[in-house]
Protein chains: 2
Amino acid sequence: MSVTREKILELAEELILNKGYNGFSYQDISTVMGIKNAAVHYYFPSKDNLGVSILKTNVQRFEEMVENMQNRNFDEWQQLESFMKIYLKSNRENKICLIGSLGTDINTLSNPMRVELQKMVDRIINWLTSVLQSGREKGLFQFNIPARDQALSILSSLVAGLQLARILNKSDFKNIHQSIWEGITPPENDNKSEGHGT
Amino acid sequence: MSVTREKILELAEELILNKGYNGFSYQDISTVMGIKNAAVHYYFPSKDNLGVSILKTNVQRFEEMVENMQNRNFDEWQQLESFMKIYLKSNRENKICLIGSLGTDINTLSNPMRVELQKMVDRIINWLTSVLQSGREKGLFQFNIPARDQALSILSSLVAGLQLARILNKSDFKNIHQSIWEGITPPENDNKSEGHGT
DNA sequence: TACATTTTACTTATTAGTAAGTATATTTGT
DNA sequence: ACAAATATACTTACTAATAAGTAAAATGTA
């Protein structure tokens with residue numbers, strides 16, 4: 001794989017998270033990288049094409065994380081914690097996430113991009129649902145709604161939490177993060193390190 | 001107030017909610033209205049100016065709603081329900097909300113727009129916090145985190161709930177809506193009409 | 001007449017995208 | 001081993017379309 005291609009993908013993703021899909025151009029990429037806009041088109045013929053590649057890369061990255069956690073025998077608590085850490089990092093960097101960013105622009109996206117975005121969110125929700133489900137069965141989590149609804153709630157809080165934190169105050173995100181844990185922690189289960197690794 | 005001006009404001013807001021701030025142009029407005037793009041510039045010299053006006057109109061609308069609820073002696077439950085109804089309506093119309101839409105594009109907005117957006121979100125959070133706070137004191141709600149954190153959580157769920165529902169399935173929003181109520185309903189308080197007016 | 005409203009007719013800047021060319025490796029035939 | 005062909009990674013130099021925005025003239029309307 002070309003290092004230029006990788007760098008374009010990385011930069012474009014950052015631009016989507018910082019300025020939105022319709023808020024950046026190939027010029028933004030080329031000037032930062034010190035190449036010509038045609039060079040970006042060489043790797044990604046269309047912006048749409050670039051967008052699809054970014055989404056596929058993200059799904060792949062997610063699968064790798066899931067696999068990695070299985071290999072390390074992470075329990076459900078640790079798995080959820082790892083997932084949340086991605087968002088904590090984004091918040092530190094004043095970024096939002098792909099779901100929130102592209103969710104706003106969805107009606108301006110090509111069909112291939114919409115499909116890929118849908119696949120990504122589906123995959124995340126399904127994973128989160130199964131983690132919550134089996135975590136509850138083991139008594140690690142407690143909540144009394146369907147696991148998928150709990151997954152939707154948690155993901156919503158994270159996605160918009162980043163957006164709110166960017167509008168109001170960066171520090172507000174950690175309160176939202178905290179509230180998510182409060183919402184699913186069993187009453188007599190102060191096992192793990194108190195503050196959930198914050 | 002000019003009817004043309006009102007119509008532009010209305011249409012522009014809808015465009016922001018459907019295509020994002022950077023996803024629409026003055027042409028989108030003028031062609032739909034059957035006027036020329038210069039006519040839009042007559043009322044709103046710059047796009048930024050239009051954006052600020054939309055935000056101010058929204059804050060005003062919000063204040064009117066709050067005042068109206070006070071005049072009608074709504075209790076905290078009814079107040080929260082009314083607020084959530086705005087989001088249920090947006091979901092029915094496949095729209096997201098201004099917070100989610102502009103939260104994505106915030107780094108591309110002018111300073112006046114950013115300030116106005118901040119004011120709007122601040123106002124909503126403060127209102128929501130006070131409703132939750134006094135509702136809890138009356139025993140209408142139950143939660144054991146600071147009221148402002150609960151407000152942030154609820155608003156996050158609503159904002160990103162609309163985005164997720166648009167990506168996945170419209171019907172997913174009502175699960176998120178349901179989960180919000182479950183999260184703050186006291187155990188022995190099945191007073192109001194069961195499904196919280198859904 | 002005076003004023004508000006709207007169109008005509010632009011400008012300037014930026015956008016995504018392309019066609020054709022160039023330099024440098026890499027492969028292949030002999 | 002060496003030249004010829006080919007692929008890779010770009011640049012140069014463009015389009016065609018659309019963006020926001022403006023000045024001035026025309027139109028309506030009180």
Side-chain angles (χ1 to χ4, degrees), chain A residues 1-55 101-102 104-114 116-117, chain B residues 1-55 101-102 104-114 116-117:
Chain A
M1 278 285 161
S2 158
V3 63
T4 306
R5 197 191 125 100
E6 302 283 313
K7 190 97 185 70
I8 292 171
L9 275 172
E10 199 183 309
L11 231 169
E13 180 173 337
E14 203 165 302
L15 283 163
I16 291 177
L17 304 184
N18 277 323
K19 311 177 65 180
Y21 185 76
N22 293 316
F24 87 96
S25 73
Y26 271 34
Q27 239 68 31
D28 291 330
I29 297 170
S30 59
T31 46
V32 169
M33 289 185 63
I35 56 177
K36 299 294 155 175
N37 112 56
V40 184
H41 279 284
Y42 169 73
Y43 289 101
F44 303 98
S46 69
K47 196 178 178 182
D48 166 68
N49 189 297
L50 174 57
V52 170
S53 297
I54 288 170
L55 284 166
S101 183
L102 298 177
T104 293
D105 299 327
I106 196 160
N107 292 329
T108 69
L109 303 180
S110 70
N111 233 286
M113 257 194 96
R114 260 202 295 268
E116 213 56 47
L117 176 60
Chain B
M1 276 287 160
S2 160
V3 64
T4 308
R5 197 191 127 99
E6 300 285 311
K7 190 97 187 73
I8 292 170
L9 274 172
E10 199 183 309
L11 230 170
E13 179 172 337
E14 202 164 303
L15 283 164
I16 290 177
L17 304 185
N18 277 323
K19 310 176 65 180
Y21 185 77
N22 293 315
F24 87 97
S25 73
Y26 271 34
Q27 239 68 31
D28 291 329
I29 296 170
S30 58
T31 46
V32 168
M33 290 185 63
I35 55 176
K36 300 294 155 177
N37 109 56
V40 185
H41 278 285
Y42 170 71
Y43 289 101
F44 303 99
S46 70
K47 195 178 179 183
D48 166 66
N49 190 297
L50 175 55
V52 170
S53 296
I54 289 170
L55 284 166
S101 183
L102 298 177
T104 294
D105 298 327
I106 198 161
N107 292 329
T108 69
L109 303 180
S110 70
N111 234 286
M113 258 194 95
R114 258 202 295 267
E116 215 54 48
L117 176 60

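Lettering of chains follows the sequences in order, A, B, ..., and the numbering in each one begins at 1. Just so it is clear, the structure is predicted and the values come from calculations on it, not from any experiment.
- Following rounding to the nearest Å, A/Tyr43 (OH) and D/dA7 (C1') show an atom-to-atom distance of 13 Å.
- Put simply, CG on A/Asn22 is 14 Å from C1' on C/dT14, counting in whole angstrom units.
- Side-chain nitrogen and oxygen atoms of A/Thr4 include none within less than 4.0 Å of the OP1 or OP2 phosphate oxygen of D/dA9.
- A distance of 12.0 Å separates CG in A/Leu117 from CD1 in A/Ile54, rounded to the nearest 0.5 Å.
- One atom, NZ of B/Lys7, and another, C1' of C/dT6, lie 18 Å apart when rounded to the nearest Å.
- With no hydrogens or angles considered, a side-chain donor-acceptor pair links A/Thr108 and A/Asn22 at under 3.5 Å.
- Considering only heavy atoms from C-beta on, A/Leu102 comes within 4.5 Å of A/Met113 through its side chain.
- A/Ile29 places its CD1 atom 11 Å from the P atom of C/dT15, with the value rounded to the nearest Å.
- Residue A/Tyr42 contributes atom OH, which lies 14 Å from atom C1' of C/dG21 at whole-angstrom precision.
- Side-chain contact check for A/Val32 versus A/Asp28: every heavy-atom pair is 4.5 Å or farther apart.
- Side-chain contact between A/Ile29 and A/Asn37: absent, with no pair of heavy atoms (C-beta onward) separated by less than 4.5 Å.
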Any protein N or O atoms within reach of nucleotides 18-23 of chain D? Criterion: under 3.5 Å, listing atom names and distances.
unit_1, atom_1, unit_2, atom_2, d
D/dA19, OP1, B/Ser25, OG, 3.1
D/dA20, OP1, B/Lys47, NZ, 3.3
D/dA20, OP2, B/Tyr26, N, 3.1
D/dG21, OP2, B/Lys47, N, 2.9
D/dG21, N7, B/His41, NE2, 3.3
D/dG21, O6, B/Asn37, ND2, 3.1

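- Annotation: cation-pi geometry not satisfied between A/Lys7 and A/Tyr43 (NZ/CZ under 6.0 angstrom from ring centroid, within 45° of ring axis).
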